[in-house]
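Have a look at the structure below, then the notes.
Just follow the structure's listing: the first ligand is 1, and inside any ligand the first atom is 1. We count residues from 1, following the sequence as given.
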Amino acid sequence: MIPYGRQSISEDDVRAVVEVLRSDFLTQGPVIPAFERAVAEYCGAWHSVAVNSATSALHLACLALDVGPGDYVWTSPITFVASANCALYCGASVDFVDIDPATYNLSVECLAEKLHQAELRGCLPKVVIPVHLCGLSCDMEPIYRLSKQYGFKIIEDASHAIGGKYRGEAVGNCRYSDITVFSFHPVKIITTGEGGMALTNDAQLAKRMALLRSHGITREHEDMTHEADGPWYYQQIALGFNYRMTDMQAALGLSQLNRLDMFVNRRHELAEIYKLHLTGLPVNWQLQAHDCRSSLHLFVIRLQLSLIGTSHLEVFRQLRSASIGVNLHYIPVHLQPFYQNKGFQQGDYPEAEKYYAEAITLPIYPDLLDAQVLQIVEVLRGCLQ
Ligand SMILES: *Cc1c(COP(=O)(O)O)cnc(C)c1O
């Protein structure tokens, strides 16, 4: 089976991890801050906090922004469940903004309209979480302007998008957001096995997230309520978690970061081959906004169902039975039973639901061969005839 995505591991990556295994620190050592600095520098952000997953980073980001009971957090229905769950962890409520049918990202027009309505009803969101689907940045500048008009904070869920650009600058620089979150799961652009990172230009937010990453415990004297009892002393000043990344993971991430641009370039080569050979078939793909460079984490096609004599399900099944590990990113979050139990239902977000009825994720990852792309397109061509 050709998977839809997978990691690319070099001998340098292996050596970097082994070096840590032979060193003094497997966790809480020097490689973690080195990885944090390298990612922050790559993205042009001031601060970064490495954690054990993007899910943890989203949770810490919400906590740092004081999301709690009575608050609303808005995100896109076409995302992984973690983008919404983070609000529920904090006791807040979730709501969704429908997607743009061409970019598959949260629609800025729908957001503006929903904000207008929410203001009238007195239930504006505390935080909006735009998700850069497939690695394509949302149109952040107008979202940022809306955040100033209506007074909400922004967490970019850039789990797909490290290595991508928006208006010529790296995703993650937080020019138009309070916090940006990356995932380093093996299917993502670079990997640490499991892992994630939160970036911000706000020193207070970074400090808060770093505190909550490690039990809410501080060893900084200025943060303590009184003088230390002795050199062993630490204080718990908040209810935190163990969301730490290990040094093995950070070493893998640091080594992978050297190949980030190469990975993204290779993904673009593969996408160009797909587009060249898919042209003329009854499928659409994500509009690449001219002011963005996607990291191309996913290559999603949408079937033009009115032009084909078969169903979405049948095309998907045939691709799988031809050993092509297609997938579907994502089932609209509001249609998950857990969210339907909160009152969401079919029909709430028509564009997201239409997308779900048509979308198929084709394989894309740096080690995929040109010939495999051609093979995938030929199988797909057969399915669509
Ligand atoms: C993968 C992913 C996450 C969660 O990442 P983990 O590192 O696996 O916790 C969150 N949001 C989106 C959009 C993702 O794709």
Exercise for review: Using distance alone, determine whether Ala54 and ligand 1 share an N or O pair under 3.5 Å.
Suggested key: yes

Practice item. Give the intermediate values and the outcome of salt bridge (Lys or Arg N to Asp or Glu O under 4.0 Å) for residues Glu141 and Arg145. Key: CA-CA 6 Å; Glu141 197 270 341; Arg145 266 191 278 122; 2.9 Å; yes

Point to revise | The one among Leu133, Leu298, Asp157 that brings a heavy atom closest to atom 11 (N) of ligand 1 | key: Asp157

Check your understanding: Any idea which protein heavy atom is nearest atom 15 (O) of ligand 1, and the distance to it?
Key -> His160 NE2, 2.7 Å

Check your understanding: Under 3.5 Å, N or O to N or O, is Thr79 touching ligand 1 that way?
Key -> no

Review point. Would a line drawn from the ring center of Phe35 to the ring center of Phe184 be shorter than 6.0 Å?
Key: yes

Review point. What part of Phe182 sits under 4.0 Å from ligand 1 if we count only heavy atoms: the side chain, the backbone, both or neither?
Key: neither

**Study point:** Non-hydrogen atom of Gly195 closer than 4.0 Å to ligand 1
**Key:** yes

Point to revise | Lys/Arg N to Asp/Glu carboxylate O, Asp95 vs Lys114, below 4.0 Å | key: yes

Exercise for review: Give a yes or no on whether a salt bridge exists between Glu351 and Lys354, defined as a side-chain N under 4.0 angstrom from a carboxylate O.
Suggested key: no

Revision key, fill the gap. At under 4.0 Å between heavy atoms, what of Ser159 touches ligand 1? The answer is side chain

Point to revise | Mode of Thr55 contact toward ligand 1 - side chain, backbone, both, neither (heavy atoms, under 4.0 Å) | key: both

Check your understanding: So among Trp74, Phe344, Tyr72, which one has a ring pair (Phe, Tyr, Trp, His ring centres under 6.0 Å) with Phe96?
Key -> Phe344

Exercise for review: Look at the aromatic rings of Tyr233 and His226 and report parallel, tilted or perpendicular, splitting at 30° and 60°.
Suggested key: tilted

Review point. Tell me, which protein residue and heavy-atom name are nearest atom 14 (C) of ligand 1, and how many Å apart are they?
Key: Lys188 NZ, 3.2 Å

Point to revise | Polar side chain donor-acceptor pair, Glu156 to Ser177, under 3.5 angstrom | key: yes

Study note, to complete from the structure: One finds that the ligand 1 atoms under 4.0 Å from a non-hydrogen atom of Tyr330 are 15 (O)

Exercise for review: Among Tyr4, Phe80, Tyr356, Phe299, find the one that has a ring pair (Phe, Tyr, Trp, His ring centres under 6.0 Å) with His329.
Suggested key: Tyr4

Exercise for review: Please verify whether a non-hydrogen atom of Gly196 lies at under 4.0 Å from ligand 1.
Suggested key: no

